[in-house]
Amino acid sequence: MYKVLKELKVDLGERSYPIIIGTGLLGEYDLTPWVSGGQVMIVTNETVAPLYLEKAKGCFPGKAVDVVALPDGEEYKNWQTLNLIFDGLLENRHTRHTTIAALGGGVVGDMAGFAAACYQRGVPFVQMPTTLLSQVDSSVGGKTGINHPLGKNMVGAFHQPQAVLIDTDTLMTLPPREVTAGLAEVIKYGLIRDKSMLGWLERHIDSLRGLDTVALGEAIYRSCLCKAEVVSLDEKEGGIRAILNLGHTFGHAIETFAGYGHWLHGEAVGTGMMMAADLSVREELISPADKARADELIRRAGLPEKAPAGMSEADFMSLMAVDKKNVDGQLRLVLLRELGDAWVTASAKPENIRATLQAFIS
Ligand code: NAD
Ligand code: GLY
């Protein structure tokens, strides 16, 4: 029997939706109240399908369910793979009343969501995230898309899901490196908006790495609460939502430089957050002691502390120049004003940015 641990809502008026967090949900929890038509297309990948596909089908009793299983990996988050979803939808005669269900990590979620945003000019979708990173971040908030060889997540759409179903049992099969990558985004919420969460994380980081179910449930709930609040305030990133990108400007540059799939997204964000904290000290916003506290937590999560070998200051500058936050060619970065408070600024001094890059290139 399933157990719902927490339920919360992303408040977006008529596009509001629930986030249901619990155990034993896959296969047991009935998602059909959020499926308006008779058809469902589950989009998953070749790794997740053998683990959870049959269970996931059980969430759609009475519906005609088809499946597209994509190749696994960030390097497949592109047009060619996206087209496999459209192939599956058309070959199986899915109409504009179909619902797409994303079963997998953030790569599957971003691509399935983007397919839902585009197919027949937009169909509904539900998120069934199975990695820590996707459960605390990517399944919530409606950012969908694919990568371009010249930049991460450069092609996409805002398209909110109908519901997010988070079954924490799925984390028990997640490789340790992926757990660590997910922890980067959990730490992010503490750094940008919830200082009390930092203290909680300092006490529970080892339990989280050890897949303690109670600690995981709490971390997922607190993260989703934070993300849901920010998204409700600023759905399309006109302002405050950009703080969710702490460490991402540096991190996206690392991911693109390393080649998609070589560094995990969360790993790059972990190093990127250390870089953002370093720059925040150089800008005299936070103290060296605050930076040391952030660094220590990121380190204890097991995240990398240096940029990839061979990545130069010029590589960073050229890749950061295509960041989506930039306005009129001006680099905008998320910095910390204090632990638990972040904002976006274009005013970081070029010499400080260069010094931070130099401190992290290896
Ligand atoms: P991922 O989707 O690549 O999943 C990581 C790996 O774990 C994959 O090999 C996957 O097949 C496997 N996997 C998934 N669930 C599993 C399970 N339960 N057991 C065993 N293996 C499992 O990576 P991710 O970290 O989930 O997501 C990263 C992606 O999310 C990036 O593309 C990033 O850009 C995107 N993202 C999007 C948002 C957003 O708001 N849309 C936010 C953050 C990140
Ligand atoms: N992960 C950034 C965002 O959802 O806005």
Side-chain angles (χ1 to χ4, degrees), residues 10 26 43-53 55-56 69-78 81 102-114 117 127-147 151-154 156-161 164 166-186 188-189 192 211 223-224 226-228 230-231 233-249 251-252 255-256 260-261 263-270 272 324-325 334 344:
V10 182
L26 280 190
V43 177
T44 184
N45 74 22
E46 59 203 2
T47 304
V48 176
L51 296 169
Y52 300 113
L53 176 58
K55 280 190 171 178
L70 305 174
D72 182 9
E74 184 76 38
E75 63 274 34
Y76 295 106
K77 190 175 160 185
N78 57 30
T81 313
L103 174 70
V107 170
V108 163
D110 280 11
M111 279 198 291
F114 189 34
Q127 288 273 18
M128 305 168 90
T130 62
T131 62
L132 182 58
L133 186 138
S134 58
Q135 295 184 351
V136 299
D137 192 350
S138 63
S139 63
V140 175
K143 279 191 181 175
T144 73
I146 54 172
N147 300 326
K152 255 300 273 179
N153 294 335
M154 277 296 152
F158 284 99
H159 189 54
Q160 300 293 343
V164 181
I166 299 178
D167 186 339
T168 59
D169 290 349
T170 59
L171 300 179
M172 299 307 132
T173 55
L174 202 59
R177 191 176 161 200
E178 299 291 347
V179 176
T180 284
L183 287 174
E185 303 280 12
V186 179
K188 173 185 82 179
Y189 295 113
I192 61 173
L211 294 180
S223 300
C224 286
C226 184
K227 179 136 190 194
V230 173
V231 169
L233 289 169
D234 176 22
E235 182 184 5
K236 297 206 170 159
E237 203 168 306
I240 189 174
R241 183 166 177 167
I243 66 170
L244 295 172
N245 281 312
L246 178 73
H248 285 57
T249 308
H252 283 165
E255 275 188 275
T256 308
Y260 299 128
W263 273 51
L264 302 183
H265 175 73
E267 291 173 337
V269 167
K324 290 192 287 306
K325 287 185 296 303
V334 184
V344 185

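Note that the structure is a prediction, hence the values are computed from the model and not measured. In listed order, ligands and their atoms are each counted from 1.
- Between Glu185 and Lys227, no side-chain nitrogen of the basic residue sits less than 4.0 Å from a carboxylate oxygen of the acidic one, so the salt-bridge criterion is not met.
- Within the 4.5 Å cutoff, the side chain of Glu74 has heavy atoms near those of the Glu255 side chain.
- Ranking protein heavy atoms by distance to atom 14 (C) of ligand 1, first place goes to Thr131 CG2, 3.2 Å.
- Considering backbone and side-chain N/O atoms, Gly106 comes within less than 3.5 Å of an N/O atom of ligand 1.
- Annotation for ligand 1: atoms under 4.0 Å from non-hydrogen atoms of Val48 are 11 (O), 13 (N), 14 (C), 15 (N).
- Between the side chains of Thr44 and Tyr52, no donor-acceptor pair of N or O atoms lies under 3.5 Å.
- The closest donor-acceptor contact from the side chain of Tyr260 to the backbone of Lys152 lies under 3.5 Å.
- Residue, atom and distance of the protein heavy atom nearest to atom 8 (C) of ligand 1 are Asp72 OD1, 3.3 Å.
- Atoms of ligand 1 lying under 4.0 Å from any heavy atom of Lys77, numbered from 1 in the order shown and given with element: 31 (C), 32 (O), 33 (C), 34 (O), 35 (C).
- Of the charged side-chain nitrogens involved, none lies within less than 4.0 Å of a carboxylate oxygen, so that Asp167 and Lys55 do not count as a salt-bridged pair.
- At least one donor-acceptor pair under 3.5 Å links the side chain of Asp234 to the backbone N or O of Ile240.
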side-chain contact (heavy atoms from CB on, under 4.5 Å) evaluation trace for Val43 with Leu70: CA-CA 7 Å; Val43 177; Leu70 305 174; 3.8 Å; yes

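- Of the protein's non-hydrogen atoms, Thr130 OG1, 2.7 Å is the one closest to atom 15 (N) of ligand 1.
- Among protein heavy atoms, the minimum distance from atom 38 (C) of ligand 1 is reached at Ser138 CB, 3.2 Å.
- Using a 30° and 60° split on the angle between ring planes, His265 and His248 fall in the perpendicular class, above 60°.
- Taking atom 1 (N) of ligand 2 as the reference point, the nearest protein heavy-atom neighbour is Asp137 OD1, 3.4 Å.
- Residue contacts with ligand 1 include Lys152, since one or more of its heavy atoms lies under 4.0 Å from the ligand.
- Polar contact with ligand 1: present for Val107 (N/O pair, distance under 3.5 Å).
- Close approach to Lys143 involves these atoms of ligand 2, each under 4.0 Å from a residue heavy atom: 2 (C), 3 (C), 4 (O), 5 (O).
- The shortest contact between atom 25 (O) of ligand 1 and any protein heavy atom is with Leu133 CB, 3.5 Å.
- Remark: minimum distance from atom 31 (C) of ligand 1 to any protein heavy atom is reached at Glu74 OE1, 3.1 Å.
- Less than 4.0 angstrom separates some heavy atom of Asp137 from each of these atoms of ligand 1: 42 (C), 43 (C).
- Atom OG1 of residue Thr130 and atom CD of residue Glu178 lie 9.5 Å apart, to the nearest 0.5 angstrom.
- Considering backbone and side-chain N/O of Thr144, none are found under 3.5 Å from N/O of ligand 1.
- A heavy-atom distance below 4.5 Å is not found between the side chains of Asp137 and Ser223.
- Looking at atom 22 (C) of ligand 1, its nearest protein heavy atom turns out to be Leu174 CD1, 3.6 Å.
- Assignment of Lys227 to the shell around ligand 1 is supported, since a heavy atom sits closer than 4.0 Å.
- Looking at Leu103 and Leu26, their side chains come closer than 4.5 Å, going by heavy atoms from C-beta outward.
- Under 4.0 Å from ligand 1, heavy atoms of Lys143 appear from its side chain as well as its backbone.
- Of all the atoms in ligand 1, the ones that sit under 4.0 Å from a non-hydrogen atom of Asn153 are 34 (O).
- The shortest side-chain heavy-atom distance between Asn245 and Lys324 does not fall under the 4.5 Å cut-off.
- Close N/O approach between Asp110 and ligand 1 is found [any backbone or side-chain N/O within under 3.5 Å].
- Near Leu51, meaning under 4.0 Å from any of its heavy atoms, are these atoms of ligand 1: 19 (N), 20 (C).
- Between Asn153 and Ile146 there is no side-chain heavy-atom pair separated by less than 4.5 Å.
- Within ligand 2, the atoms closer than 4.0 Å to a non-hydrogen atom of Lys227 are 1 (N), 3 (C), 4 (O), numbered from 1 in the order shown.
- Here CG of Leu183 is found 5.5 Å from CG of Leu132. Values are rounded to the nearest 0.5 Å.
- At distances below 3.5 Å, not a single donor-acceptor pair connects side-chain atoms of Asp169 with backbone N or O atoms of Met172.
- A salt bridge between Arg177 and Glu267 is present, with a side-chain N of the basic residue lying under 4.0 Å from a carboxylate O of the acidic one.
- Of the polar atoms of Arg241, at least one N or O is found under 3.5 Å from an N or O of ligand 2, judged by distance alone.
- Of the options Val108, Thr173, Thr47, Leu244, the smallest heavy-atom separation from atom 17 (C) of ligand 1 is shown by Thr173.
- Only the side chain of Asn45 comes within 4.0 Å of ligand 1, counting heavy atoms alone; its backbone N, CA, C and O stay farther away.
- Heavy-atom proximity to Thr170, at under 4.0 Å, picks out these atoms of ligand 1: 17 (C), 18 (N).
- On a distance-only criterion, Glu185 and ligand 1 share no N/O pair closer than 3.5 Å.
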